[in-house]
Amino acid sequence: MESCCWCVVTADIPQLLPSSLSLSLSLSQVMCLNLEGLLETGPLKDMDFSVQEGGAPRVLHKFTLEPPAVSFRISGETAGIIDIEPKMGMLYINGSLDWETKQVHNLQVESVDESGHIVKGPYSVTIRVEDINDNPPEFDQKRYFGVVRQNSRPGSNIGTVLATDMDKENTFNSRLHFQIQSQDPQVPETNLFFIQQDTGALHLAGRSLNKRDSPVYSLKVLVSDSKFQTICDVEVHVIDINDQIPIFEKSNYQDVTVAEDIPIGTVILEIQATDGDEPGTGSSFITYQVLEGDRNNTFIIETDPGTNRGFVKINKALDFETMPVYNLMINATNPEPLVSSVQYNSSSLTSFKVVVTNVDEPPVFGKPVYRKEVSEDVPVNTLLMTVDAYDPEGDSVRYSLEGDVRKWLTIDSATGQVYTASRLDREQEEMYSVEVVVSEVSLVLHLLDVNDNYPQLATDYPTFFCYPVSGGEKTLIQAIDADEQLYYSKFTFSLADDMNARMNWEISKANATHAYLSPKHGNFEEKEYNVPVILNDNGNPALENKVNLKGILCTELLLSRQQLHS
């Protein structure tokens, strides 16, 4: 390339350079552009440039004119700041490029003669914008909230703060670094938390937290790249451990009577348990489940999160003929697991009975419409079809016809078989419609209950008395019998006339159907004990049943029923 030095007086600069370049010169100065060494020159051809974003106006290249060309022109993605000086062929940028807005500018440059006809080109000129670190990292929210149980182990995860950087991904410009700038309060010590510098995951440091030291910690978390930094606030709330179980207000609710056609979603009973743990946490929120008596999930229980009140609702359609009575056992638990030293017990249980009453449902046909094509000349008493219907309550049904204005048909009232009663005539009526009416036929025999069933233990729940005992432990037992509970629903529990039993054990009443069995002292050996219990149903006449409870200390308490009728 030839060496070229152009000395230009200030008055001529506007004709030779872009206005933004010439404006940077003093009117009394002389500018000398040494194109060799400062600016690449050459004939018109395809070019590819890499230019950093931002920066002052600059000249990228000088194209040389080749006669008969007298000037250059440019088109394409100029963004309003990329241009070419037509006479001198200087390709320049008259502003700041922005990588975040556009990474590549595709242009076309051509030379033209005095008549404006293309001499060479168009040639492709590509300007690739290089990213610089001109964007600070930003958190996705200004304040974060986290919770941690006060007995959580060191290293437990609290949450993650998230930040982004608009600079080019996976480069030094966008690589982020997280750190905790401050902790308030600094009790019982500083550095209770640590954050993973690359991910923003926040953890407990070397010790567990105690709510009595501080229920809330405020952290300043800083994120930085190689040039900028941003700060966000993090609040960490210390919540109570789950060391209190839900306790029902009642161990047994009154019977609920509902009709079998009650709509799904209807609330049939409200139940209530309370929990002494910190309100508004998973340790105190109560969930209710039907523990026994509802294999088909006919009922659901929803909890009001504000009051922990439970609403027992119909989940599936009831059917008196399938299930007239439900004996439900409900338990109350927390979503948060209990601490290892606390277990759920009978205080978290309640029971009630749902009595379903019958609704006289109409008979149901097997089909909505019965159709038959038949020749008009069939003989009288020809069997045309059989309609079938059934009564949901199991009653017998009787069939009859309505609308047989021509007296063409007859129906067997017991079987539903339809016959021709007279000659048919298509010319009188081609489509003949008749209604079949079904009525119920039932016989009801009502038996009155007498007290002829001995009381029994309701279930064989596994129960434990673990050695050593201190005296005063309780296990809940329930009595039932098959008689109608409307009259004989109260039971009494007592120990048999046995000296060893009365010295070692005691029974206390819980309610009309339940009692507690407890050891009277802690001086037991680690062996099996036999506890004879008398159940009395208080009927008229009263019936008694002796039940032997065989317990093994530190082993499951098995309920072995031995009936001794008095």
Side-chain angles (χ1 to χ4, degrees), residues 1 4 6 13 16-25 31-64 72-86 88-111 120-140 162-179 197-200 222-231:
M1 181 181 299
C4 179
W6 289 356
I13 289 175
L16 301 180
L17 295 178
S19 60
S20 60
L21 295 179
S22 61
L23 289 176
S24 64
L25 300 176
M31 175 181 175
C32 183
L33 298 177
N34 189 345
L35 301 181
E36 182 178 8
L38 293 178
L39 192 63
E40 184 179 347
T41 64
L44 190 59
K45 61 179 181 179
D46 291 340
M47 302 289 290
D48 197 316
F49 300 94
S50 292
V51 182
Q52 279 192 347
E53 65 174 323
R58 73 206 84 168
V59 177
L60 300 180
H61 187 79
K62 179 183 182 302
F63 292 106
T64 57
F72 297 91
R73 60 189 179 197
I74 191 170
S75 61
E77 300 170 343
T78 64
I81 61 173
I82 305 173
D83 207 345
I84 191 168
E85 201 287 320
M88 297 181 61
M90 288 186 180
L91 179 67
Y92 65 94
I93 301 172
N94 186 20
S96 296
L97 299 174
D98 185 15
W99 179 88
E100 287 74 23
T101 302
K102 190 172 182 62
Q103 289 83 45
V104 179
H105 295 264
N106 294 302
L107 310 166
Q108 296 80 40
V109 177
E110 57 195 14
S111 62
K120 294 187 68 175
Y123 285 93
S124 172
V125 175
T126 303
I127 298 179
R128 305 182 189 279
V129 184
E130 297 179 353
D131 181 50
I132 64 173
N133 191 3
D134 59 348
N135 289 282
E138 297 288 342
F139 286 100
D140 69 337
L162 301 175
T164 55
D165 193 302
M166 294 297 294
D167 291 314
K168 188 174 182 180
E169 190 176 1
N170 299 322
T171 66
F172 190 67
N173 292 338
S174 61
R175 183 178 179 181
L176 303 183
H177 179 273
F178 296 89
Q179 67 182 82
Q197 63 179 10
D198 294 326
T199 66
L222 181 145
V223 62
S224 59
D225 58 19
S226 59
K227 183 178 179 181
F228 301 99
Q229 64 183 28
T230 307
I231 295 176

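In this text, all values refer to a predicted model and were calculated from it rather than measured experimentally.
- Separating the CG atom in Leu176 from the OG1 atom in Thr199 is a distance of 11.5 Å, to the nearest 0.5 Å.
- Without hydrogens or angle criteria, Ser111 side chain to Phe72 main chain gives no donor-acceptor distance under 3.5 Å.
- Leu97 contributes atom CG, which lies 13.5 Å from atom CZ of Arg128 (distance to the nearest 0.5 angstrom).
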* Steps toward side chain to side chain contact (heavy atoms under 4.5 Å, CB included) verdict (Leu60, Ile127) -> CA-CA 10 Å; Leu60 300 180; Ile127 298 179; 3.8 Å; yes

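- Defined by atom type and a distance below 3.5 Å, a donor-acceptor pair is present between the side-chain atoms of Asp167 and Asn135.
- Between Gly55 and Ser96, the shortest heavy-atom distance links the atoms O-OG, 3.1 Å.
- Atom-to-atom distance recorded for Thr64:OG1 and Met88:CE is 12.0 Å, nearest 0.5 angstrom.
- The minimum heavy-atom distance linking Phe178 with Gly200 is given by the pair CD1-N, 3.6 Å.
- For the residue pair Ser174 and Glu169, the shortest heavy atom distance occurs at OG-CA, 3.5 Å.
- Heavy atoms only, all atoms of each residue included: Pro137 and Asp165 are closest at N-OD2, 3.7 Å.
- Summarising the geometry, atom CD1 belonging to Ile74 is positioned 10.0 Å from atom CD belonging to Glu110; distances are rounded to the nearest 0.5 Å.
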* To do: Begin with the C-alpha distance, continue with both residues' side-chain angles, and end with the deciding distance and a verdict on side chain to side chain contact (heavy atoms under 4.5 Å, CB included) for Asp140 and Thr164.
  => CA-CA 7 Å; Asp140 69 337; Thr164 55; over 6 Å; no

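- The shortest non-hydrogen separation linking Glu130 to Ser50 is OE2-CB, 3.1 Å.
- Partner of Val129 under the side chain to side chain contact (heavy atoms under 4.5 Å, CB included) criterion, chosen from Gln52, Glu100, His105, Lys102: His105.
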* To do: Test Met47 against Val109 for side chain to side chain contact (heavy atoms under 4.5 Å, CB included), laying out the working first.
  => CA-CA 10 Å; Met47 302 289 290; Val109 177; over 6 Å; no

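- Pairing each heavy atom of Phe228 with each of Asn133, the nearest pair is CE1-O, 3.4 Å.
- Checked by atom type and distance alone, the side chain of Glu53 pairs as donor or acceptor with a backbone atom of Trp99 at under 3.5 Å.
- Here Thr78 contributes atom OG1 and Ile93 contributes atom CD1; the two are 11.5 Å apart, rounded to the nearest 0.5 Å.
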* To do: Please report the C-alpha distance between Leu107 and Ile82 in whole Å, then the side-chain angles of each, then the deciding distance to 0.1 Å, and finally whether the side chain to side chain contact (heavy atoms under 4.5 Å, CB included) criterion is met.
  => CA-CA 9 Å; Leu107 310 166; Ile82 305 173; 3.5 Å; yes

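- Looking at Asn173 and Lys168, their side chains never come closer than 4.5 Å, going by heavy atoms from C-beta outward.
- Note that NZ of Lys227 is 7.0 Å distant from CG of Asp134, once rounded to the nearest 0.5 Å.
- No donor-acceptor pair under 3.5 Å is formed between the side chain of Gln197 and the backbone N or O of His177.
- In terms of the ring-ring contact (aromatic ring centres under 6.0 Å, His included) criterion, residue partners of Phe63 (sequence neighbours excluded) are, by chain and number, His61.
- Proximity of a side-chain donor or acceptor of Thr230 to a complementary backbone N or O of Glu138 within less than 3.5 Å is not detected.
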